[in-house]
Amino acid sequence: MPEFSTSPGMRDIVSPESARWRRFVDSFELIVGVAGYELVIPPLLEDIGVFNRLGEATDVVTKEMYDFVDKGERHVALRPEQTASICRSFVQHRPTTPFKAWYSGPNFRYEKPQRGRYRQFDQVGVEVLGSLDPYVDIEVVQLGWSFLASLGLSRVELAINSLGEPDDRARYVAALNAYFLERTNELSPESQQTLTRNPLRVLDSKRSEDAAVIADAPLINSFWSDTAAAHFSTVCDGLTAVGVPYTIDLKLVRGLDYYRGTTFEFRGGTLDSAQNALGGGGRYDGLVADLGGPETPGVGFAIGLERTLLACDDEGVFPAADQSADVFVVDVCGGSVALEICTELRSLGIRTERSWDDRSMKSQMKSANRSGARFAVIIGEDEDQSDTAVIRDLRSDAEQVSVSRSNLAPTLKSRLSSLQGAV
RNA sequence: GUGGGCGUAGCUCAGGUGGUUAGAGCGUCAGGUUGUGGCCCUGAAGGCCGGGGGUUCAAGUCCCCUCGCUCACCCCA
């Protein structure tokens, strides 16, 4: 056993998964980029006050924060999410509104690790600051939806709800609290505990004992103001208009306290995981002001990489890319010819590998085979003397051919591109 | 934070009631004569049996502790 390995809940992302991660973020950038979102890269570390605004009653703040006092006596924390950082950045730099940002990167929460849940986890997301227009909500939800669809996912469900205006939400919470208190003895001990902290979150309980009580609980829609109801209705109509399928889930409440108005969640189609929330978001119209900025509405979402990739695995889509070489150079004359050929081919964009340590031809051919390369270029004594090279197709039984060294690169280039054309 | 399962070669795993040099498959490396891979054959390297303590003449095997992984709860991405 090695002396060191990754800390709990943290892991190395290694090949071929690592390349898949890069591609994931690239795909996201492609979709939000054409929609005019600009990249913001906030620091991993912030003053803990930035994150305290996520909610004094939330686990994320109360027990999952990676926080410490630095050498300058500042109380800082590794970010548990990026929305608050983006808002802080907005307050600090005051870009013109509407401000449309996207981000990607790791976040940290000190939780017990589990399938699809790590202490360091990556998210991609967008935030739009400065507009109350319901069409912003629509655009944001649509972006998340089309991104997931672009990965090939077809069994994702979009749940959407509105928490109403702050007053609506407050009245609803009060009503909910009264209702649950009345039937508190029917609730599971865990939910009774949750009730004291945040009645909304009791609705989230997945325990069967709670199901009956939750089923009869009052619903948010009867507390919506006219403004909130109209906003929500516009959002729903807009989604329908652009062909984004959704389900209204009046019991959808999200974990962070800053949400108000529209909230939504993308859920993976596979039921066997409790971690089926691939991503989610909503409006947080008070957050910028809470962080000391002007009254500025906001809406956004975050999508978890790990979970979304798990969903991709379940659906058999967005596979890890093929990383095999195009050409493998076998040189049994010391290796200097391989150096020259690799340099030339690579400069032409041909993925070229070779072996080292002066191994036998047989052993180098084995490596060539394993590399997945389409062609082996073989340099033996004869080729070295005559300034030629042998090209051998590793995936067909065609005769190998000998070409002059000056014709090697052009020949490979054209054979590779004709193969690509065939596919 | 709470509970269940599991920790043996790089990987996947065998190792009845404790008993001599801990095994297999895959992978890796080297060979199977004269410059050529994939199939097959042979051989080699590679393990403080997660760590610590205990019981015993003797522990991978039993007991305790600890660390880690995993699944569920909690919560969330």
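So you know, we letter chains A, B, ... as the sequences are listed, proteins then strands, and number each from 1.
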Original post:
Hey, is the side chain of A:T194 poking within less than 4.0 Å of OP1 or OP2 on B:C75, counting only N and O atoms?
Top reply: yes
**OP:** Return no unless some side-chain N or O of A:R267 is found under 4.0 Å from OP1 or OP2 of B:A77.
**Re:** no
Original post:
Within the modelled atom types, does a donor on one side and an acceptor on the other bring the side chain of A:R201 and the base of B:C75 under 3.5 Å apart?
Top reply: no
Subject >> Residue A:Q114, side-chain atoms from C-beta onward, closest of B:G35, B:G38, B:C73 >> reply: B:C73
Original post:
How about A:F24 and A:F147: are their ring centroids closer than 6.0 Å?
Top reply: yes
**OP:** Answer with yes or no whether the side chains of A:Y103 and A:S85 bring together a donor and an acceptor at under 3.5 Å.
**Re:** no
Subject >> Rounded distance in Å between the P positions of B:C62 and B:G7 >> reply: 11 Å
**OP:** Give a yes/no on whether any side-chain N or O of A:R109 is located under 4.0 angstrom from OP1 or OP2 of B:G1.
**Re:** no
**OP:** Determine whether any donor atom in the side chain of A:E111 lies under 3.5 Å from an acceptor atom in the base of B:A77, or the reverse, and answer yes or no.
**Re:** yes
Original post:
Can a side chain N or O of A:R370 be found less than 4.0 Å away from OP1 or OP2 on B:G27?
Top reply: no
**OP:** Rounded off to whole Å, could you give me the CG-to-P distance for the A:L200 and B:C76 pair?
**Re:** 11 Å
Original post:
When rounded to the nearest 0.5 angstrom, what distance separates CD1 in A:I350 from CZ in A:R374?
Top reply: 14.0 Å
**OP:** Consider the side chain of A:K112, meaning its heavy atoms from C-beta on, and name the nucleotide among B:A77, B:A30, B:U2 that approaches it most closely.
**Re:** B:U2
Subject >> Any N/O donor-acceptor pair, A:E383 side-chain to B:G35 base, under 3.5 Å >> reply: yes
**OP:** Look at the side chain of A:E64 and decide which nucleotide, out of B:A30, B:C75, B:A77, has an atom nearest to it.
**Re:** B:C75
**OP:** Would you state whether a donor and an acceptor, one from the side chain of A:R115 and one from the base of B:C69, lie under 3.5 Å apart?
**Re:** no
Subject >> Separation of B:G38 P from A:R374 CZ (nearest whole Å) >> reply: 18 Å
**OP:** Find out whether the Lys NZ or Arg CZ of A:R354 is both under 6.0 angstrom from the six-membered ring centre of A:F328 and within 45° of the ring's axis.
**Re:** no
**OP:** Determine the interatomic distance between P on B:G50 and the same-named atom on B:A14; round to the nearest Å.
**Re:** 14 Å
Subject >> Which nucleotide in B:C73, B:U36, B:G37 has an atom nearest any side-chain atom of A:M361 >> reply: B:U36
Original post:
Does a distance-only test, which skips hydrogens and angles, find a donor-acceptor pair under 3.5 Å between the side chain of A:N369 and the base of B:G38?
Top reply: no
Original post:
Checking only heavy atoms, does the side chain of A:R392 share a donor-acceptor pair with the base of B:U36 at less than 3.5 Å?
Top reply: yes
Subject >> Approximate separation, where rounding is to 0.5 Å, of A:R351 CZ and A:L345 CG >> reply: 13.5 Å
**OP:** Answer with yes or no whether A:Q400 presents, from its side chain, a donor or acceptor under 3.5 Å of a partner atom in the base of B:U36.
**Re:** yes
Original post:
Are OP1 or OP2 of B:A77 and a side-chain N or O of A:T308 less than 4.0 angstrom apart?
Top reply: no
Subject >> Rounded C1' spacing from B:G15 to B:A72 in Å >> reply: 30 Å
**OP:** In whole angstrom, give me the gap between the C1' atoms of B:U33 and B:U28.
**Re:** 25 Å
Original post:
When the ring planes of A:F301 and A:F264 are compared, do they come out parallel, tilted or perpendicular, using 30° and 60° as the limits?
Top reply: perpendicular
Subject >> Phosphate-side-chain proximity, A:R359 and B:C29, N/O vs OP1/OP2 below 4.0 Å >> reply: yes
